[in-house]
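Data block below; observations after.
Letters A, B, ... are given to chains in the order of the sequence lines, protein chains preceding strands, and every chain is numbered from 1.
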Amino acid sequence: MSNISVVLPDGSQRELPTGTTGAGLAESLGGRAAREALIAVVDGNQLDLDRELFDGASVSLVFPGSDDGLEVIRHSAAHVLAQAVLDLYPGATFSIGPPIEDGFYYDFDLSGGQTFSDDDLGRIEQRMREIVNQKQPFIRAEVDRAEADELFKNHPYKIEVLDGEADDPTSGPDGSVITTYRNTDTFVDLCRGPHVPHTGRLGHFKLMRVAGAYWRGDENRQMLQRIYGTAWASKKDLKEHLHRLDEAAKRDHRKLANELDLLSFPSKLGGGLAVWHPKGAIVRKVMEDYSRDRHENGGYEFVYTPHLANANLFETSGHLDFYADGMYPPMEMDNGTYYMKPMNCPMHCLIFGHGQRSYKELPLRLFELGTVYRYERSGTLHGLMRIRGFTQDDSHIYVAEEHLADEITGLLDFVMSVLRAFGFDDFVFNLSTKDPEKYVGTDDVWEYATHCLREALDRHGLEYEVKEGDAAFYGPKIDIDVKDAIGRSWQLSTIQADFQLPERFDLGFIGADGERHRPIMLHRALLGSIERFFGVLVEHYGGAFPTWLSPVQVRVLGVRADHDAVAQALVDRLKAAGFRADMVEADDPLGARIRKGKLEKVPYVLVVGDDDIENGTVGVNPRGGDVDRGVTVDDFIERLADDVDNKRTAPVID
RNA sequence: GCCCGAGUAGCUCAACGGCCAGAGCACCGCUCUUGUAAAGCGGGGGUUGUGGGUUCGAUUCCCACCUCGGGCUCCA
């Protein structure tokens with residue numbers, strides 16, 4: 001019997017009998033490889049373990065904990081889900097079921113328009129466990145089109161995949177090769193694979209929810225029934241994932257906004273609209289004041305514009321042509337048709353276009369906290385994250401072409417500096433380039449503007465991802481995402497070049513040469529929507545705002561009722577010094593009042609009693625720290641000022 | 001907009017188609033006078049999201065609408 005030789009990841013050669021499979025290699029390696037290997041990677045191609053290896057191949061094995069391993073587990077779990085559903089629901093057919101982040105889904109079409117309910121999930125999960133316990137093999141086969149048509153004759157969505165009408169990289173034909181994976185005599189799925197050796201490797205999963213999903217993502221097509229699941233390499237990983245979901249739920253800004261009395265969404269007000277209560281409003285005011293300060297110092301000029309405008313304005317800007325669906329319906333008034341503004345830029349263009357502009361005025365940076373109204377479809381609303389009326393920290397910068405790169409460079413500094421002040425320092429930059437199907441302006445100006453955006457990023461030495469074709473039709477852009485305290489990513493800031501609006505509004509400036517030139521316009525949102533950013537902050541901090549933002553910075557408590565006057569005097573002193581302080585009278589025991597302050601996530605709870613009155617001190621109980629008795633009031637105020645002035649993310653603990 | 005699910009006191013949640021819809025927290029009053037995460041007693045509080053229907057009887061079953069949640073689609 002002849003041998004083959006394969007190269008392992010450590011560079012060593014291994015002699016194996018001809019015909020040895022990935023599983024055979026794993027067996028010969030023994031130990032963890034034999035027990036846990038899921039698939040083999042052979043010369044860069046992922047293959048099932050039962051595929052034969054060939055002489056000279058570089059082979060590595062994929063294990064459950066790795067990214068590739070998890071993907072295989074999740075993809076295989078999707079097949080188990082499909083088998084369970086097809087078993088339990090006669091007449092059901094299935095479409096596609098890929099792995100996704102943290103899990104998998106599968107889309108089904110049940111006979112007679114049946115739908116899944118949450119109760120069905122338990123039943124399906126039970127059937128899946130049986131399938132897992134049976135350790136069914138995943139048996140790969142290459143079939144020709146006629147065989148595939150026969151196998152899937154009752155599954156029209158699979159036929160569409162075979163026809164290439166539905167693009168699905170996990171199941172569609174790979175070139176001319178059609179492959180299937182069979183688990184039982186009756187269950188076979190169209191799939192590229194690879195898969196785990198048998199279903200027994202898939203024990204750590206959970207079905208999460210049912211949802212509707214359009215076939216091929218097209219809202220004009222059939223609505224399928226989607227089941228989402230999560231799957232992991234170990235019971236521990238699954239448990240940790242579920243724990244993370246719980247933690248995220250605890251930070252949900254809608255829940256915290258309610259608990260902390262920050263704001264509400266009264267149903268009488270209408271969907272997607274919020275009212276800000278005093279506690280939320282003061283945080284918002286501090287945020288906005290800070291934003292205004294920074295803009296004032298950053299060379300911006302403040303403007304104000306109304307919420308309504310004549311339809312003519314949005315015809316000129318093009319919004320009515322392109323985005324009428326997202327605008328509130330027109331209001332007919334005696335002198336014309338009016339719309340709520342969906343963006344501030346047309347009005348800022350009116351300001352730029354007023355009078356004769358000189359090159360000496362550029363870059364002209366207009367800034368407004370401008371409230372806009374967009375008609376978001378009811379199903380898309382989501383707390384503060386997706387809302388129908390919101391305020392942009394909106395700037396439009398008019399710049400001569402030759403100063404574009406410098407301006408963008410400065411903008412990146414400005415944006416990062418402000419975001420850092422709010423506690424974000426992990427940024428991801430995305431550069432979106434021209435969509436060749438949909439753009440205005442000349443190729444030259446696109447190329448130039450894209451170059452300027454790149455150059456600005458490069459000057460800062462920033463890493464960025466290029467999203468080809470992702471730009472809006474009017475110009476390329478840089479989007480800035482931040483990571484929050486639990487690793488979630490939020491897109492906040494955007495810097496967009498615009499060649500369209502200056503044309504539409506026929507904007508110009510007189511250059512040093514005495515000629516009229518067209519400015520380039522930059523749209524720049526920093527926090528983006530104030531409402532959404534507030535929601536992100538709530539989730540980032542889990543409701544425990546840094547002291548500089550906290551609605552109540554200091555809560556003062558007297559030990560007994562006869563200390564209340566002293567407590568009030570201390571509150572007055574703190575307020576006079578510019579801090580937000582309050583007190584709670586001693587109607588309840590001290591412990592109960594402390595607890596209340598903790599639940600409200602107040603950064604500092606101060607206690608004053610007999611000892612303190614005698615010594616001019618307070619007891620300091622900082623959020624997240626230990627009690628510190630006998631601190632002089634002066635020392636505490638100094639500590640508080642340090643916390644606030646430096647925008648520390650947590651109370652200062654001695 | 002589409003699919004699934006949910007709406008009961010300010011909040012969190014109970015109540016088989018059947019007595020006057022309950023509990024904890026919160027709120028108000030009285031008592032307690034307190035040294036670092038829940039004192040005691042009492043009280044007020046509801047057109048069970050809205051409107052229809054089925055029924056002797058509806059929080060409960062059915063329909064429509066509204067709002068919310070999870071997805072899909074969309075997101076200038």
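- Every residue meeting the side-chain hydrogen bond (donor to acceptor under 3.5 Å, both in side chains) condition with R216(A), not counting sequence neighbours, appears here in chain and number order: E160(A).
- Residue G271(A) is in sugar-phosphate contact alone, with no base atom involved, counting any heavy-atom pair closer than 4.0 Å across all strands shown.
- With both ends at atom C1', the span from C66(B) to G51(B) equals 10 Å, rounded to whole Å.
- Across the P atoms, U50(B) and U55(B) are found 23 Å apart, a figure rounded to whole Å.
- Nucleotides G29(B) and C61(B) place their P atoms 41 Å apart, quoted to the nearest Å.
- Straight-line distance between the P atoms of A26(B) and C11(B): roughly 15 Å, to the nearest whole Å.
- Residue contacts for G475(A): at a heavy-atom cut-off of 4.0 Å it reaches no nucleic acid atom on any strand shown.
- Only the C1' atoms considered, G45(B) is 10 Å distant from C28(B), to the nearest whole Å.
- Cation-pi check for K158(A) over F94(A) is met; the charged atom lies under 6.0 angstrom from the ring centroid and within 45 degrees of its normal.
- D325(A) comes within 4.0 angstrom of no nucleic acid atom, judged by non-hydrogen atoms across all strands.
- A side-chain contact (heavy atoms from CB on, under 4.5 Å) with F636(A) holds for exactly one of D628(A), L570(A), L574(A); it is L574(A).
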With a 3.5 Å cut-off and sequence neighbours excluded, list the donor-acceptor pairs that the side chains of residues 615-625 of chain A form with protein atoms.
| residue | atom | partner | partner atom | Å |
| --- | --- | --- | --- | --- |
| N615(A) | ND2 | D611(A) | O | 2.9 |
| T617(A) | OG1 | D612(A) | OD1 | 2.6 |
| N621(A) | OD1 | K598(A) | NZ | 2.6 |
| R623(A) | NH1 | F545(A) | O | 3.1 |
| R623(A) | NH1 | K601(A) | O | 2.8 |
| R623(A) | NH2 | A544(A) | O | 3.4 |
| R623(A) | NH2 | F545(A) | O | 2.8 |

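- Spacing between atom CD1 of I387(A) and atom C1' of G69(B) amounts to 16 Å, rounded to whole angstrom units.
- Between C65(B) and A6(B), the distance separating the two C1' atoms is 16 Å to the nearest Å.
- G630(A) comes within 4.0 angstrom of no nucleic acid atom, judged by non-hydrogen atoms across all strands.
- F505(A) and F352(A) have their aromatic ring centers separated by at least 6.0 angstrom.
- On the C1' atoms, C72(B) is 40 Å away from A23(B), given to the nearest whole Å.
- The shortest non-hydrogen separation linking Q491(A) to R532(A) is O-NH1, 2.7 Å.
- Side-chain proximity of N258(A) to A38(B), G35(B), U12(B): nearest is U12(B).
- Atom pair N615(A):CG and G35(B):P shows a separation of 17 Å (rounding to whole Å applied).
- The shortest side-chain heavy-atom distance between R254(A) and H382(A) falls under the 4.5 Å cut-off.
- One P atom belongs to G10(B), the other to G46(B), and the distance between them is 8 Å to the nearest Å.
- For RNA chain B, each stem of at least three Watson-Crick or G-U pairs (distances under 3.5 Å) is given as range with range: B:1-7 with B:66-72, B:10-13 with B:22-25, B:27-31 with B:39-43, B:49-53 with B:61-65.
- In this structure, CZ of R388(A) is placed 11 Å from C1' of U67(B), rounded to the nearest angstrom.
- Here D564(A) lies out of heavy-atom contact (under 4.0 Å) with every strand.
- Residue D588(A) contributes atom CG, which lies 13 Å from atom P of C30(B) at whole-angstrom precision.
- The CG-C1' distance, from L557(A) to U34(B), rounds to 12 Å in whole Å.
- For the pair K598(A) NZ and A37(B) C1', the computed distance is 8 Å after rounding to whole Å.
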(Q) Across nucleotides 70-76 of chain B, 5' to 3', mark each nucleotide with B, S or - according to how protein heavy atoms within less than 4.0 Å reach it. (A) BBBBBBB
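- Place V620(A) and E259(A) on RNA chain B by their nearest nucleotides, and E259(A) ends up nearer the 5' end.
- What separates NZ of K255(A) from C1' of C13(B) is a distance of 13 Å, to the nearest Å.
- Applying the side-chain hydrogen bond (donor to acceptor under 3.5 Å, both in side chains) test to R365(A) and every residue at least two apart in sequence or in another chain returns E407(A).
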Q.
Quick one, Y89(A) with F116(A), criterion ring pair (Phe, Tyr, Trp, His ring centres under 6.0 Å). Give me CA distance, side-chain angles, the key distance, then yes/no.
A. CA-CA 10 Å; Y89(A) 297 82; F116(A) 294 117; 5.2 Å; yes
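- Taking every heavy atom of both residues into account, Q553(A) and V602(A) meet most closely at O-CG1, 3.9 Å.
- Residue contacts for D612(A): at a heavy-atom cut-off of 4.0 Å it reaches a base atom on one of the strands shown.
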Which donor-acceptor pairs under 3.5 Å do side chains of residues 259-274 of chain A form with protein atoms, sequence neighbours excluded?
| residue | atom | partner | partner atom | Å |
| --- | --- | --- | --- | --- |
| E259(A) | OE2 | K255(A) | NZ | 3.0 |
| D261(A) | OD1 | H277(A) | ND1 | 2.7 |
| S264(A) | OG | H277(A) | NE2 | 2.7 |

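- Within 4.0 Å (heavy atoms only), F265(A) reaches no atom of the nucleic acid at all.
- Atom CD in E585(A) sits about 17 Å away from atom P in C32(B), given to the nearest Å.
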